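Inspection log for the structure reproduced underneath, given as structure tokens.
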Amino acid sequence: MINFYPGPSKIYPQIEAYMQEAIAEGILSMNHRSEPCMRLVAQTIQLCRQKLDIPADYTLFFASSATECWEIIAQSCLRRQAKVLHAYQGAFGKKWASYTQKLSQYAHKDLELTPQAFEKIPDLAGKAEVVCLTPSETSNGTALAYPILEKLLPTHALSALDVTSCLGGVRLPISKGDIWFASVQKCLGLPAGLAIGILSPRAVALAYEIGERSHYNSLTNILDNIQKFQTPYTPNVLGIYLLNKVMQQVPHIDTIDAQTHERAKDWYSFFENIPDCKPLACPDTRSSTVLCLESTPEKISALKQRALENNLIFGNGYDKWKENTYRIANFPALTSEEITAGKVFLEDYFCNNHTDFASNSVCKKL
Ligand SMILES: *Cc1c(COP(=O)(O)O)cnc(C)c1O
């Protein structure tokens, strides 16, 4: 089965052997405060730093999911009455905003990033103390292009960035932001149940200044523990072990970044020649890691059925784009052969097998 689902997504095929190794090495019943476990955590952090090019003065920590990170930020990183701006362009960013709203009584503003709204951002971000962004919005395949993102990353306000569907797939301007986090089951090609958090020195300072300690996952508790390469609760040791192995196996993020952009370019130009199926996002806001394609609900439901019969899985549409879109992950764990197979299938489905498109001149160009 070729899996283009953008999360949970295709895991690296080596995971099977790594899991067997984890069992054979006794990793799974290891005490999480023991020397060997602390060594594993320390080495994993070091590998992430190296492969993902995370600045030396940034602190890494582990959590269970991106959703947990939304909560950690709301409970531990907002001062009383802090002005928080959530600028979002899809369902995940919006859900994050609603968590912040429910968990904190702080002054809070949402801004849906329609193209018209972009102009307002520098002004609004200027007034905010914390700005929350989702550089790659998994629900609709939109992204904040780097020039926009860099403009959005304010220097005085703290920035929090949900990079669940792009960390590990593209190079991120880590040093320009403060709180970065991602679940591992998307771009990192791992099974779900672990998230990586990355904090700038001033994000760490802010967490201690606020000093919120009422929760098992209060950021101060997490930080106290990670200094000793531990976690407040028993962590997903298998997840950390697998992350360690995958970080050893993958090339440096610069190599992956080049491949992701090349493949994204090829995917988008491929769809220029496919009738009745177009990227939902306009060209300057397209994600390189998650493609969201629009067609009619009828074509999409038949497409998914036919794909399954051909051992292919595409991602369902999400939220308000559920019926009229499907999604394709452009994550590094997918091979070039799998991508070619996906394209052959889609070309055949949209161009050849449907008599109403058989004479479509666009298809003949393929
Ligand atoms: C998938 C996803 C999440 C949720 O991840 P969990 O591991 O289920 O918490 C959050 N944000 C984005 C951008 C995502 O793609």
Side-chain angles (χ1 to χ4, degrees), residues 3-11 61-75 86-103 110 112-113 131-145 149 152 159-170 172 177 179-198 217 222 231 233 235-236 238-240 242-243 246 260 264 280-281 285-292 313-322 325-334:
N3 187 358
F4 288 103
Y5 221 107
S9 35
K10 184 195 172 189
I11 56 171
F61 70 89
F62 295 116
S64 303
S65 65
T67 304
E68 189 192 359
C69 294
W70 294 343
E71 290 212 352
I72 292 172
I73 293 164
Q75 78 200 6
H86 276 272
Y88 60 83
Q89 71 275 17
F92 283 103
K94 192 173 181 177
K95 211 188 242 180
W96 178 13
S98 79
Y99 273 83
T100 305
Q101 214 151 24
K102 284 183 224 164
L103 276 172
D110 289 351
E112 185 157 9
L113 288 179
V131 178
C132 301
L133 303 168
T134 308
S136 171
E137 174 52 72
T138 324
S139 65
N140 58 14
T142 59
L144 298 175
L149 186 60
L152 289 188
S159 55
L161 300 111
D162 181 345
V163 285
T164 298
S165 62
C166 54
L167 181 77
V170 294
L172 295 166
I179 305 171
W180 301 82
F181 59 92
S183 299
V184 300
Q185 74 273 18
K186 309 222 172 145
C187 237
L188 289 161
L190 286 154
L194 184 71
I196 304 174
I198 305 165
N217 59 1
I222 293 175
T231 47
Y233 55 92
N236 177 354
L238 176 61
I240 295 171
L242 296 176
L243 175 63
V246 163
T260 301
L280 185 70
T285 60
R286 286 175 187 165
S287 168
S288 301
T289 47
V290 180
L291 287 87
C292 184
I313 301 175
F314 294 105
N316 290 337
Y318 196 92
D319 194 55
K320 64 177 165 194
W321 305 278
K322 200 170 183 57
T325 69
Y326 65 100
R327 292 175 300 153
I328 297 177
N330 181 28
F331 295 161
L334 287 153

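Both counts, for ligands and for their atoms, begin at 1 and track the order of listing. Sequence positions, counted from 1, serve as the residue numbers for this chain. Heavy-atom basis, side chains included; hydrogens, waters and symmetry copies ignored. As the structure is a computational prediction, the values presented were derived from the model and not from experiment.
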Please work out whether the ring planes of Trp70 and Phe92 are parallel, tilted or perpendicular, with thresholds of 30° and 60°. tilted
Which residues pass the salt bridge (charged side-chain N to carboxylate O under 4.0 Å, His left out) test with Lys10, sequence neighbours left out? Glu338
Could you identify the single nearest non-hydrogen protein atom to atom 9 (O) of ligand 1 and state the distance to 0.1 Å? Thr67 OG1, 2.6 Å
Per-atom filter on ligand 1: closer than 4.0 angstrom to a heavy atom of Trp70 are 10 (C), 11 (N)
Taking the six-membered ring for Trp, are Phe4 and Tyr326 ring centroids under 6.0 Å apart? no
Heavy-atom distances under 4.0 Å are what count here, so tell me which part of Gln185 touches ligand 1: side chain, backbone, both or neither. side chain
Criterion side-chain contact (heavy atoms from CB on, under 4.5 Å) against Ile198, the qualifying member of Leu167, Ile179, Leu161: Leu167
Specify side chain, backbone, both or neither for Ala66, according to which of its non-hydrogen atoms lie closer than 4.0 Å to ligand 1. both
Taking only non-hydrogen atoms of Glu137, do any sit less than 4.0 angstrom from ligand 1? no
Is ligand 1 under 4.0 Å from a heavy atom in the side chain of Asp162, in the backbone, in both, or in neither? side chain
Ignoring hydrogens and geometry, is there a side-chain-to-backbone donor-acceptor pair from Asn217 to Ala63 under 3.5 Å? no
Considering the heavy atoms of Thr138, write down every atom of ligand 1 situated less than 4.0 Å from one of them. 12 (C), 13 (C), 14 (C), 15 (O)
Look at atom 6 (P) of ligand 1 and say which protein heavy atom is nearest, naming residue and atom and giving the distance to 0.1 Å. Ser183 OG, 3.4 Å
Any N/O of Thr134 closer than 3.5 Å to an N/O of ligand 1? no
How close do Ser165 and Thr138 get, counting heavy atoms only, and between which atoms? OG-OG1, 2.9 Å
Residue Lys186 vicinity, atoms of ligand 1 by number, heavy atom under 4.0 Å: 1 (C), 2 (C), 3 (C), 14 (C), 15 (O)
Look at the side chain of Ser159 and the backbone N and O of Cys132, then say whether any donor-acceptor pair between them is shorter than 3.5 Å. no
